[in-house]
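This report refers to the structure that appears directly beneath it.
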Amino acid sequence: MSEQRLTWDATARNREPILAVLRDVLPPSGTVLEIASGTGQHAVHFAPALAPRVWQPSEPDASLRASIAAWIEAEPSPWLRQPIALDVRESPWPVERAPCEPPISAIVNINMIHIAPWEACVSLMAAAGRLLPAGGVLFLYGPYKVDGQWRTANDPAFDESLKQRNPSWGLRELTDVTDEALANGFILVRTVDMPAGNLSVVFRKD
Ligand SMILES: C[S@@+](CC[C@H](N)C(=O)[O-])C[C@H]1O[C@@H](n2cnc3c(N)ncnc32)[C@H](O)[C@@H]1O
């Protein structure tokens, strides 16, 4: 099983700085639904560190779900659930048909909205607005343009490489993301400067 475990360098590098912010901003209990869990490295690292919250990974890609399951087998935690198949563009989300226990108090989405069409961000915000109770937290992490400006010297080339892979991908403008969140009942709580020019963006359901 362990040969199915994938390891991404960036995910290993950013997990501690992200965990420090999550400790600070997540509600103290409930299920944290992770969208686009990727390899599962974040899930196995965050779940025991953030107990008694329950960590629910999700991922649309079956081979990545196999990696998440393999990481969970290697590093089990009573606070960590098996991954579910979830593409943000589906509606309703599977967790709306079969609600999590304890109920979802936060949604975490790391490094996805620039590697997906804009519609993925729109769908994420709409579902988060339906799912989260008042006081629930939506946490995003990734690279952004802010007020039309790149934040690092590498960003233009990175944006171009994303667009070459898929013209609908690319770094998102922070105000576009924030406007979408506000339209779905969220308040922007804070942004946090992260290593390598990334941002943590924290919203709370009004
Ligand atoms: C760069 S990876 C980041 C994975 C992980 N969050 C991390 O930081 O290591 C982008 C992830 O977004 C996921 N993804 C892309 N489109 C998606 C969609 N429509 N719904 C949910 N996840 C999506 C991919 O399957 C992949 O796991």
Side-chain angles (χ1 to χ4, degrees), residues 4-22 26 32-47 49-50 55-72 74-75 80-97 104 106-131 137-144 154-155 158-159 161-172 177 180 184 192 194-202:
Q4 291 184 292
R5 267 189 291 168
L6 302 174
T7 301
W8 290 345
D9 290 345
T11 307
R13 270 197 308 275
N14 64 28
R15 65 185 191 172
E16 283 302 336
I18 293 174
L19 177 58
V21 180
L22 290 176
L26 289 181
V32 181
L33 173 64
E34 183 187 18
I35 299 299
S37 298
T39 61
Q41 289 162 269
H42 279 149
V44 294
H45 189 67
F46 294 159
L50 294 170
W55 195 269
Q56 174 62 69
S58 75
E59 170 56 49
D61 182 305
S63 61
L64 290 174
R65 285 200 305 280
S67 174
I68 300 166
W71 272 106
I72 294 173
E75 298 184 19
L80 183 52
R81 300 282 193 255
Q82 289 298 320
I84 57 172
L86 196 165
D87 185 314
V88 289
R89 294 167 300 179
E90 58 188 301
S91 181
W93 281 5
V95 290
E96 293 178 88
R97 289 193 297 268
I104 294 170
I107 294 176
V108 168
N109 182 221
I110 299 169
N111 274 333
M112 183 199 79
I113 61 172
H114 60 293
I115 310 184
W118 174 245
E119 291 69 37
C121 181
V122 172
S123 301
L124 169 68
M125 295 300 184
R130 293 194 302 270
L131 269 164
V137 168
L138 172 61
F139 172 94
L140 304 183
Y141 169 96
Y144 289 86
N154 295 332
D155 283 353
F158 181 45
D159 185 64
S161 71
L162 291 170
K163 289 189 163 71
Q164 275 174 13
R165 287 170 67 189
N166 187 322
S168 71
W169 295 3
L171 268 61
R172 304 301 173 198
V177 176
E180 202 58 42
N184 285 284
V192 184
M194 304 296 286
N198 290 294
L199 285 179
S200 287
V201 185
V202 185

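On a predicted model such as this, the values are computed, not experimentally measured, just so you know. We count ligands from 1, going down the list as the structure has it; atoms in each ligand are counted the same way.
Counting heavy atoms from C-beta outward, D159 and D155 have side chains that stay 4.5 Å or more apart.
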Could you check ligand 1 for N or O atoms lying under 3.5 Å from protein N or O atoms and list the pairs with distances?
from	atom 1	to	atom 2	distance (Å)
ligand 1	6 (N)	A36	O	2.7
ligand 1	6 (N)	I110	O	2.8
ligand 1	9 (O)	T11	OG1	2.7
ligand 1	19 (N)	D87	OD1	2.9
ligand 1	20 (N)	V88	N	3.0
ligand 1	25 (O)	E59	OE2	2.5
ligand 1	27 (O)	E59	OE1	2.6
ligand 1	27 (O)	E59	OE2	3.4

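The main-chain N or O of L6 is found under 3.5 Å from a side-chain atom of W71 such that the two form a donor-acceptor pair.
Residue pairs meeting the side-chain hydrogen bond (donor to acceptor under 3.5 Å, both in side chains) criterion with at least one partner in residues 32-44, sequence neighbours excluded, are N14-H42, E34-S37, E34-W55, T39-Q41. Pairs engaging residues 106-126 under the side-chain hydrogen bond (donor to acceptor under 3.5 Å, both in side chains) rule: none recorded [sequence neighbours left out].
Under the salt bridge (charged side-chain N to carboxylate O under 4.0 Å, His left out) criterion, E96 pairs with R130, not counting sequence neighbours.
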Task: Derivation of the side-chain contact (heavy atoms from CB on, under 4.5 Å) call for I110 and R15 - done: CA-CA 10 Å; I110 299 169; R15 65 185 191 172; over 6 Å; no
